[in-house]
Amino acid sequence: MKIKRIAHLGIAVKDLDPPKKLYCDQLNLESQGEEVVSAQKVKVSFIKVGETSLELLLPTAADSPVAKFLENKGEGIHHLALEVEDIDAAVEELKAAGVRLIDEKPREGAHGSRVAFLHPKSTFGVLLELVQYAEPH
Ligand code: CO
């Protein structure tokens, strides 16, 4: 498989506005808009940082995986997303290699992307997301 770059760092937050104020007003970064990803029960806000971005994650339901993360660990870095050229091939390759996946099949992500999460038990404690964008992003 070919990994192209770090697509984004996902950061779990309890409210979108205070961290947006920090990153956009105090750190002079550029907001790339917000989107509700209903499949993952989160509202996301992207902030551009050079070739990559930050993905602020706000849960939209009590049973959102991000809500559970906030309960257990509080706000902070939630996952690392790597952009791949071909997510179907990447998922098959990892399964064949015995790597545990949370998503056995890619599912819908933000901005029309397709994503698949690897299991932290297989990735040394880091929740890794593979993402493939429909268009350059
Ligand atoms: Co993400």
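Ligands are counted one by one from 1 in listed order, and the atoms in each one are counted from 1 as well.
The side-chain heavy atoms of F46 and E34, taken from C-beta on, include no pair separated by under 4.5 Å. The shortest side-chain heavy-atom distance between L101 and L94 falls under the 4.5 Å cut-off.
Of all N/O/S atoms in E55, OE1 sits nearest the Co ion (ligand 1). Its N, O or S atom nearest to the Co ion (ligand 1) is what matters here, and for H8 that atom is NE2.
Side chains of Q32 and H111: a donor-acceptor N/O pair is absent below 3.5 angstrom, by distance only.
A donor-acceptor pair under 3.5 Å links the side-chain atoms of D86 to the main chain of A89, judged by distance alone.
Put simply, the angle at the Co ion (ligand 1) from OE1 in E129 to NE2 in H79 is close to 80°, to the nearest 10°.
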